[in-house]
Amino acid sequence: MKQSGIYKVVINDKIYVGLSKTLKRRYNYHTRALKDNKHCNKHLQAAYNIHGTFSFEVIEECEPKILQEREVFWIDKLQARNREYGYNMLEGGAATPIMAGENNPMYGRKLEGEQNGMYGRKH
């Protein structure tokens with residue numbers, strides 16, 4: 001059964017708080033991205049590059065429907081957005097930008113003529 005919940009990544013006594021519907025998969029993502037120097041959080045990646053190790057701890061197991069609410073709670077409680085204590089850049093929950101559909105700034109725009117990246121080129 002898939003384990004969902006809130007977790008924290010700890011590097012040098014600072015934390016990054018996140019949520020996942022599948023915690024094991026999320027652990028694997030952080031491990032791979034940090035080792036490959038491709039993590040999307042530049043602060044977390046920089047700390048890993050310096051210290052070379054991290055720990056992954058599950059803070060709370062919860063149902064997927066309340067994950068966002070609990071992530072916001074834990075980011076606030078652990079002060080993970082404060083650079084002195086953590087690596088989070090956003091407050092969590094629904095504030096996390098998802099660039100699909102209507103949230104994408106290019107949604108509904110047609111790039112014609114010179115604005116189109118393929119203008120003057122052949123496929």
Minimum heavy-atom distance F56-R26, with the two atoms named: CE1-C, 4.4 Å

Residues forming a side chain to side chain contact (heavy atoms under 4.5 Å, CB included) with K65, sequence neighbours excluded: E63

Passing candidate, side chain to side chain contact (heavy atoms under 4.5 Å, CB included) with V17, options V72, L78, V9: L78

Under the side chain to side chain donor-acceptor pair (under 3.5 Å) test, residues paired with E84 that sit two or more places apart: none

Spacing of OH belonging to Y27 relative to OG belonging to S55, to within rounding of 0.5 Å: 9.5 Å

R81: partners by salt bridge (Lys or Arg N to Asp or Glu O under 4.0 Å), with sequence neighbours left out: E91

In one Ile/Leu/Val/Met/Phe/Trp/Tyr side-chain cluster, 4.5 Å: I11, V58: yes

Heavy-atom closest contact (L44 atom, L34 atom, distance): O-CD2, 4.1 Å

Within-4.5 Å side-chain heavy-atom neighbours: K21 and L67: yes

Exercise: identify the closest heavy-atom pair between L90 and I75: O-CD1, 4.0 Å

Listed partners of E61 passing salt bridge (Lys or Arg N to Asp or Glu O under 4.0 Å), at least two apart: none

Distance in Å, T31 OG1 paired with Y29 OH, rounded so as to fall on 0.5 Å steps: 11.0 Å

With R70 via salt bridge (Lys or Arg N to Asp or Glu O under 4.0 Å) - residues at least two apart: E60

Residue list, side chain to side chain donor-acceptor pair (under 3.5 Å) with T53, at least two apart or on another chain: none

Heavy-atom neighbours of R25 CZ exceed 12 at 6.0 Å: no

Test ring-ring contact (aromatic ring centres under 6.0 Å, His included) applied to F54 - qualifying residues, sequence neighbours left out: none

Partner set under side chain to side chain donor-acceptor pair (under 3.5 Å) for R32, not counting sequence neighbours: none

Residue pairs involving residues 4-18 (criterion salt bridge (charged side-chain N to carboxylate O under 4.0 Å, His left out); sequence neighbours excluded): K8-E57

For D76, side chain to side chain contact (heavy atoms under 4.5 Å, CB included) partners two or more places apart: none

ring-ring contact (aromatic ring centres under 6.0 Å, His included) contacts in which one or both residues fall within residues 59-87, not counting sequence neighbours: none

Donor-acceptor under 3.5 Å (S20 side chain, S4 main chain): no

Value rounded to 0.5 Å, distance of CG in L19 from CG in L23: 9.0 Å

side-chain hydrogen bond (donor to acceptor under 3.5 Å, both in side chains) contacts touching residues 34-43 (sequence neighbours left out): H30-H39, N37-Q45, N37-N49

